[in-house]
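Let me begin by presenting the structure, written as structure tokens, before commenting on it.
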Amino acid sequence: MQVTEFYGVPMVFVDADEALDTDWSSYRGSADVVRVDHAPADRWPELRVAGFWPKPKLVTWLADTAADDEQFLAALTWKERQNVRAAWRALDADALSVAVQAVDEPLLDAFLPIYRQRVAEMRHGWAVAAEQRDRILADAGAYFAVCVRHGAELVGCCLVRQDADMVRVRFSAVDSPRRHSSLARVLYLEAIRTARQRGHRRVSLGTDPNLYGHIAKPGLLSFKSRLGFLAYPAHLVDPAAGNDQADLVLNLGQLTDPAMLLGYADNTATERLHLAVFTRTADLDVRPYQARFLHSCQVHVLEGGRCAGSSR
């Protein structure tokens, strides 16, 4: 057993017996997370008592494409509909154009520098699309791209893979000048419209590692839920994607404050998820992270090596 730096975060990977037989208080200064990978469901009750959170390793975000744009937008909050309209107005004001096209090598060569720049700005970024460049090109016939351009210059793009039962927005990025213009909303809604036109009834807004505050940030959870997507354990959507884990959060040294995960609400792997939030702030406002699919929310205040929980 040893502390391992996992994409910038110090973690200890253990089995269920080690998790339950170890006093983890001495690790609070050296590790942020203790993780049981492939956590067996029959040990979940014991792991919960010890402070571990059984959870899916990955979560996939899904929504129905709806009958048309109006029906899709009608399911969003008034505030989010306003955000969508503002995003389209900003696009028009900046004289940007939107187009759907095939994925090929010239497009990837234009997209990846934008994507790498966004990843480089992350505290613990992981440039998955760059690693998978050759694989994407080999499978290019299964993809389409939503592209936003200023003249001939690519300023934003998302790569979308068409599967038999749904389309999946796999990678997206916008350039630096437009990071805060909500251009991502335009990309995603155009991807949903294209999926609908091609006869797909469901769309995925990607699959995230299920510890927000590490590779994916808490704001991403909030953004996807506000845009009408629901989170599901990834391996219940695709049996080849991920597995069950159990995490004990000891510290927020290399995690954001707050950090959060979507844990199982039941003692078996079901679609019912609750939100566990870890913070040093006793009066943290969790309303931005609430979502209609959540079974419950529990805030854990980490202070002086102790964790006190409260439900909200």
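Atoms considered below: every heavy atom in the structure, side chains included; atoms not considered: hydrogens, waters and symmetry mates.
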Practice prompt. Give a yes or no on whether the backbone of R280 and the side-chain of D257 come within a donor-acceptor separation of less than 3.5 Å.
Written response: yes

Item to complete: May I ask you to decide if N210's main-chain N or O and K55's side chain share a donor-acceptor pair within less than 3.5 Å?
Response: yes

Worksheet item: Are the side chain of R48 and the backbone of P54 linked by a donor-acceptor contact shorter than 3.5 Å?
Response: no

Response to the item:
In this structure, CG of L205 is separated from CG of L220 (nearest 0.5 Å) by 7.5 Å

Discussion item. With rounding to the nearest 0.5 angstrom, report the CG to CD distance, L261 to Q245.
Written reply: 10.0 Å

Worksheet entry | Within-4.5 Å side-chain heavy-atom neighbours: V34 and F52 | yes

Worksheet item: Judged by atom type as modelled, is there a donor-acceptor pair below 3.5 Å linking the side chain of D64 to the main-chain atoms of A66?
Response: no

Item to complete: Start with the C-alpha gap between N243 and D37, add the side-chain angles, then the distance that decides, and say whether side-chain contact (heavy atoms from CB on, under 4.5 Å) holds.
Response: CA-CA 8 Å; N243 51 268; D37 210 356; 2.8 Å; yes

Worksheet item: V3, V14: one ILVMFWY side-chain cluster at the under-4.5 Å cut-off?
Response: yes

Item to complete: Check whether the side chains of H200 and D163 place a donor and an acceptor atom closer than 3.5 Å, and report yes or no.
Response: no

Fill in: Distance-only donor-acceptor check, side chains T268 and D266, under 3.5 Å
no

Worksheet item: Do S176 and R118 touch side chain to side chain, with heavy atoms closer than 4.5 Å?
Response: yes

Discussion item. side-chain contact (heavy atoms from CB on, under 4.5 Å) for F171 and L108? Distances and angles first, verdict last.
Written reply: CA-CA 11 Å; F171 307 106; L108 269 189; over 6 Å; no

Worksheet, complete the sentence: V103 and F144 have their tightest heavy-atom pair at CG2-C, 3.8 Å

Worksheet item: Would you call R133-E105 a salt bridge at under 4.0 Å N-O?
Response: yes

Discussion item. Measuring only between side-chain heavy atoms, which start at C-beta, is V36 closer than 4.5 Å to R43?
Written reply: no

Worksheet item: Are V128 and V119 connected in a single hydrophobic cluster, I mean Ile/Leu/Val/Met/Phe/Trp/Tyr linked by side-chain heavy atoms less than 4.5 Å apart?
Response: yes

Item to complete: Please report the closest heavy-atom contact between V174 and L187, naming both atoms and the distance.
Response: CG1-CD1, 3.9 Å

Discussion item. Taking ring-ring contact (aromatic ring centres under 6.0 Å, His included) as the criterion, tell me which of Y289, W53, Y264 meets it with H274.
Written reply: W53

Worksheet item: Is a donor on one side and an acceptor on the other found under 3.5 Å between the side chain of H214 and the backbone of F6?
Response: yes

Practice prompt. Would you check if there is a donor-acceptor pair between the side chains of R287 and Q290 at a distance under 3.5 Å?
Written response: no

Worksheet item: Is there a donor-acceptor contact under 3.5 Å from the side chain of D175 to the main chain of I114?
Response: no

Worksheet entry | Side-chain (Y7) to main-chain (W126) donor-acceptor, under 3.5 angstrom | no

Fill in: Side chains of N83 and E80, donor plus acceptor under 3.5 Å
yes

Practice prompt. For A241 and L58, work out which heavy atoms get closest and say how close.
Written response: C-CD1, 4.3 Å

Item to complete: Apply side-chain contact (heavy atoms from CB on, under 4.5 Å) to the pair R35 and D247, showing each step before the final yes or no.
Response: CA-CA 5 Å; R35 175 166 293 171; D247 279 3; 2.8 Å; yes

Worksheet item: Does a sphere of radius 6.0 Å around CZ in R201 hold more than 12 heavy atoms from other residues, nucleotides or ligands, not counting ones at 6.0 Å or beyond?
Response: no

Practice prompt. Indicate the atoms forming the closest heavy-atom contact of S204 with M166, along with that distance.
Written response: CB-SD, 3.9 Å

Worksheet item: Ignoring hydrogens and geometry, is there a side-chain-to-backbone donor-acceptor pair from R202 to D165 under 3.5 Å?
Response: no

Fill in: Side chains of R198 and T194, donor plus acceptor under 3.5 Å
no

Fill in: Side-chain donor-acceptor contact under 3.5 Å, T65 with R193
no

Worksheet entry | Main-chain N/O of A67 paired with Q71 side-chain donor or acceptor, under 3.5 Å | yes

Worksheet item: Hey, what do you get for CG (D285) to OG1 (T279), rounding to the nearest 0.5 Å?
Response: 11.0 Å

Worksheet item: Between the main-chain N or O of L221 and the side-chain N or O of W61, is there a donor-acceptor pair closer than 3.5 Å?
Response: no

Worksheet item: If you group Ile, Leu, Val, Met, Phe, Trp and Tyr by side-chain heavy-atom gaps below 4.5 Å, do W88 and Y188 land in one group?
Response: yes

Worksheet entry | L230 side chain near R292 side chain, heavy-atom distance below 4.5 Å | yes

Worksheet item: Can you check side-chain contact (heavy atoms from CB on, under 4.5 Å) on R161 and D139, steps first, answer last?
Response: CA-CA 9 Å; R161 193 181 193 283; D139 195 29; 2.6 Å; yes

Practice prompt. Tell me, yes or no, whether the heavy-atom count around Q197 atom CD, taken from other residues, nucleotides or ligands under 6.0 Å, exceeds 12.
Written response: yes

Worksheet item: Between OH of Y212 and CG of L262, what distance do you get to the nearest 0.5 Å?
Response: 6.0 Å

Worksheet item: Do L112 and Y115 have side-chain heavy atoms sitting under 4.5 Å apart?
Response: yes

Item to complete: For the residue pair R170 and Q132, establish whether any side-chain heavy-atom pair is separated by less than 4.5 Å.
Response: yes

Worksheet entry | Gap between atom CG of L275 and atom NE2 of H295 - 0.5 Å precision | 13.0 Å

Practice prompt. Measure the spacing between CG of D15 and NE2 of H38 and express it to the nearest 0.5 Å.
Written response: 12.5 Å

Worksheet item: Does some side-chain heavy atom of I136 sit less than 4.5 Å from a side-chain heavy atom of F111?
Response: no

Discussion item. Looking at every non-hydrogen atom in both residues, tell me the closest pair between A191 and C158 and how far apart they are.
Written reply: CB-SG, 4.3 Å

Fill in: Minimum side-chain heavy-atom gap L107-L154 below 4.5 Å
yes

Worksheet, complete the sentence: Between A269 and L236, the two heavy atoms sitting closest are O-CD1, 3.9 Å

